[in-house]
Amino acid sequence: MNHQSNEILERNKQLALKFIEATDKADGAMAASILHPEAIAVSKGWSKIRGTRPRDQMIAAISMFRKLMPEGLKFNIVSVTADGDRVAVEWQGKATLANGVPYHNNYVMVFIIADGKIKQLNEYFDTLLVDEVMWPLISGSGF
Amino acid sequence: MSEQNKKVVIEFIEAMSAGDVARATPCVAPNAKAVAMGKSKMSGERSRDQMLGTLGSFTQLMPTGLNPKFIAVMAEGDHVVAEFEGNAKLANGEPYCNEYAMVFTLKDGKITLLNEYFCTKLADTLYPVVQQLGLAAKASVS
């Protein structure tokens, strides 16, 4: 692996981590600055929040994130694996929802980078926990 | 090293799909463990013996195998992440197509830790079949 590709891998990692940081801070502008114009997020599995979100929905969801988790995600990065145009980030969240209920999910987010921006994000997490703990809050408050 | 680690991980997943313990065993370090993340009935930690034991009974649950379709296999340092879709049919004839991200840690070319992420909601639909077949609750792949 040459020096240049190492630099690209490191840049890709920083993009992935910055996206998680933007989500944690509910900073839509920060997220927008690192998202490709054609960016999509794919929530894997069969939870009530499953499916593909286009860039605008990604940014809108991030912008209102602190309404859902007022103190943020309280995330802990477990591992970061960069290879080619992809970065896989494994992390834990120790959030508390706006209704006071703990929301401790475990995640793998696989980012695909193109033109120095995040073009796709595949999200894997505990879908049972989403449906049982987070969905009642989302569906009841018009998120 | 990373390319070799990828080969070990793909070999392990293919061995799992086939329920082939003899093929999986050389991929796994003596002190290995697997952790199925989340709160499904399949979630929790498994020792090396449990990993291989459930892997051996896997084709009872999915007689024609898991048939993984790899989306991506990423490697860096000691880690390999495999993103794939399963295309299985359960022993009762029902399709079972979960989506997986598996994070492997390797040392000296062998798997020491496997963190499994999948749709826990779908995984719980496996549980009645697992019980009916008398298999261990913590299947090797959920």
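Naming: A, B, ... by sequence-line order, numbering from 1 per chain. Heavy-atom basis, side chains included; hydrogens, waters and symmetry copies ignored. Just so you know, these numbers come straight off a predicted model, no measurement behind them.
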In terms of hydrophobic clusters joined by side-chain contacts under 4.5 Å, are A:F65 and A:F75 together? yes

Give every donor-acceptor pair between chain A and chain B closer than 3.5 Å, one pair per line, or write none.
{"from": "A:K13", "atom 1": "NZ", "to": "B:E76", "atom 2": "OE1", "distance (Å)": "3.3"}
{"from": "A:K13", "atom 1": "NZ", "to": "B:E76", "atom 2": "OE2", "distance (Å)": "2.7"}
{"from": "A:G45", "atom 1": "N", "to": "B:E99", "atom 2": "OE1", "distance (Å)": "2.7"}
{"from": "A:W46", "atom 1": "O", "to": "B:K121", "atom 2": "NZ", "distance (Å)": "3.0"}
{"from": "A:A82", "atom 1": "N", "to": "B:E76", "atom 2": "OE1", "distance (Å)": "2.8"}
{"from": "A:D83", "atom 1": "OD2", "to": "B:K6", "atom 2": "NZ", "distance (Å)": "2.9"}
{"from": "A:D83", "atom 1": "OD2", "to": "B:A75", "atom 2": "N", "distance (Å)": "2.9"}
{"from": "A:R86", "atom 1": "NH1", "to": "B:E83", "atom 2": "OE1", "distance (Å)": "3.1"}
{"from": "A:E90", "atom 1": "OE2", "to": "B:N115", "atom 2": "ND2", "distance (Å)": "2.7"}
{"from": "A:E90", "atom 1": "OE2", "to": "B:Y117", "atom 2": "OH", "distance (Å)": "2.8"}
{"from": "A:N122", "atom 1": "ND2", "to": "B:E83", "atom 2": "OE2", "distance (Å)": "2.6"}
{"from": "A:Y124", "atom 1": "OH", "to": "B:E83", "atom 2": "OE2", "distance (Å)": "2.9"}
{"from": "A:D126", "atom 1": "OD1", "to": "B:T120", "atom 2": "OG1", "distance (Å)": "2.5"}
{"from": "A:D126", "atom 1": "OD2", "to": "B:K39", "atom 2": "N", "distance (Å)": "2.7"}
{"from": "A:T127", "atom 1": "N", "to": "B:T120", "atom 2": "OG1", "distance (Å)": "3.1"}
{"from": "A:T127", "atom 1": "OG1", "to": "B:T120", "atom 2": "N", "distance (Å)": "3.1"}
{"from": "A:T127", "atom 1": "OG1", "to": "B:T120", "atom 2": "OG1", "distance (Å)": "3.2"}
{"from": "A:T127", "atom 1": "OG1", "to": "B:K121", "atom 2": "N", "distance (Å)": "3.0"}
{"from": "A:L128", "atom 1": "N", "to": "B:T120", "atom 2": "OG1", "distance (Å)": "2.9"}
{"from": "A:D131", "atom 1": "OD2", "to": "B:K121", "atom 2": "NZ", "distance (Å)": "2.5"}
{"from": "A:E132", "atom 1": "OE1", "to": "B:K39", "atom 2": "NZ", "distance (Å)": "2.8"}

For A:A98, give me all partners under side-chain contact (heavy atoms from CB on, under 4.5 Å), at least two apart in sequence or on another chain. A:P70, A:L137

Side chain, backbone, both or neither of A:V110 within contact of chain B (heavy atoms, under 4.5 Å): side chain

Over all atoms of both residues, closest heavy-atom pair of B:L133 and B:L61: CD1-CA, 3.8 Å

Hey, quick one: are B:M37 and A:L128 part of the same hydrophobic cluster, counting side-chain heavy atoms closer than 4.5 Å, chains of contacts allowed? no

Per-residue contacts, residues 27-42 of chain A versus chain B, heavy atoms under 4.5 Å: none

Could you name each residue pair satisfying ring pair (Phe, Tyr, Trp, His ring centres under 6.0 Å) that touches residues 6-33 of chain A, not counting sequence neighbours? A:F19-A:F111

Joint hydrophobic cluster, A:I62 plus A:V89, side-chain heavy atoms closer than 4.5 Å: yes

Looking at side-chain heavy atoms only, is the closest gap between A:L129 and A:M134 below 4.5 Å? no

Given a strict heavy-atom distance threshold of 4.5 Å, which part of A:V80 is in contact with chain B: side chain, backbone, both, or neither? backbone

Is any side-chain heavy atom of B:I13 closer than 4.5 Å to one of B:F104? yes

If I compare all heavy atoms of B:A15 with all of B:L55, which pair ends up nearest, and what's the gap? O-CD2, 4.0 Å

Can you tell which of A:K18, A:K74, A:R66 makes a salt bridge (Lys or Arg N to Asp or Glu O under 4.0 Å) with A:D24? A:R66

